[in-house]
Amino acid sequence: MALQWMILSYIVAAEAAIALILTVPLPKIVKSRVVSLVSVLLQPAVSIVPFAAFQIMDIYWKNEHRLMCTGEACTASERDRYEKYIYKAQRNVILCIAACLLYWFAYRICKYYKDIQDLEETEKRYKSM
């Protein structure tokens with residue numbers, strides 16, 4: 001189970017780096033190359049979204065079917081273990097949401113840049129007529 005969260009955290013870090021690279025002002029030629037490379041990488045990376053959604057559903061299911069430790073019958077160690085589990089679950093949900101949002105940010109930035117390029121080409125065609 002820890003391997004899944006490690007993979008997801010690496011993916012979030014990579015998506016954050018990609019989003020940062022896409023938002024850095026670069027020369028037009030370099031920017032178009034970076035956007036085309038990221039666009040090619042985003043197509044197979046769409047599998048991140050269902051993977052993160054599955055992980056969120058898994059966290060929800062485990063939370064619903066876990067024994068609650070809030071009463072007087074719990075020992076201090078059981079209560080600590082329960083709180084640690086809750087904190088880890090919250091962290092993992094934030095990680096899943098971050099993976100989906102960062103993927104969406106990178107996708108939209110690439111789409112906006114391509115739309116701007118298309119509009120510039122259309123403008124050049126109309127000016128040359």
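Keep in mind that the numbers below use all heavy atoms, side chains included, and drop hydrogens, waters and symmetry copies. Please read all numbers here as calculations on a predicted model, not as lab measurements.
The OG atom of S36 lies 9.5 Å from the OH atom of Y113; values are rounded to the nearest 0.5 Å. Note that CZ of F54 is 10.5 Å distant from CD1 of I59, once rounded to the nearest 0.5 Å. Interatomic distance, CE of M57 versus CH2 of W61, reported as 12.5 Å (0.5 Å rounding). With values rounded to the nearest 0.5 angstrom, L37 atom CG is found 9.0 Å from C110 atom SG.
Both V35 and V46 are members of a single hydrophobic cluster when ILVMFWY side chains are connected at heavy-atom separations under 4.5 Å. Linking ILVMFWY residues whenever their side-chain heavy atoms come closer than 4.5 Å, directly or via other members, leaves Y107 and F105 in distinct clusters. At a threshold of 4.5 Å between side-chain heavy atoms, the hydrophobic network of Ile, Leu, Val, Met, Phe, Trp and Tyr places I29 and I109 in two separate groups. Following chains of ILVMFWY side-chain contacts shorter than 4.5 Å, one can reach V24 starting from V34, so the two form part of one hydrophobic cluster. The hydrophobic cluster containing L101 also contains W5, counting ILVMFWY residues as joined when their side-chain heavy atoms lie under 4.5 angstrom apart, directly or transitively.
With sequence neighbours excluded, no residue forms a salt bridge (Lys or Arg N to Asp or Glu O under 4.0 Å) with K124.
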Under 3.5 Å, which donor-acceptor pairs do the side chains of residues 83-98 form with other protein atoms, sequence neighbours left out?
| from | atom 1 | to | atom 2 | distance (Å) |
| --- | --- | --- | --- | --- |
| Y85 | OH | N63 | N | 3.4 |
| N92 | ND2 | K88 | O | 3.2 |

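Of all heavy-atom pairs between L26 and V30, the closest is CD1-CG1, 4.1 Å. Taking every heavy atom of both residues into account, I18 and A106 meet most closely at CG2-CB, 4.2 Å. Nearest approach of Y103 to L42, heavy atoms of both residues: OH-O, 2.9 Å.
Other members of the cluster containing I116 do not exist, because no ILVMFWY side chain is joined to it at under 4.5 Å. The hydrophobic cluster containing Y126 also includes M129, under a criterion of side-chain heavy atoms closer than 4.5 Å among ILVMFWY residues, counted directly or through chains of members.
Pairs passing the salt bridge (charged side-chain N to carboxylate O under 4.0 Å, His left out) check and including a residue from residues 113-122, sequence neighbours excluded, read K28-E120, K111-D115. Residue pairs meeting the side chain to side chain donor-acceptor pair (under 3.5 Å) criterion with at least one partner in residues 9-24, sequence neighbours excluded, are absent.
With a 6.0 Å radius and a threshold of 12 heavy atoms from other residues, nucleotides or ligands, R108 has its CZ atom above the threshold. Remark: F51 CZ is packed, more than 12 non-hydrogen atoms of other residues, nucleotides or ligands lying under 6.0 Å away.
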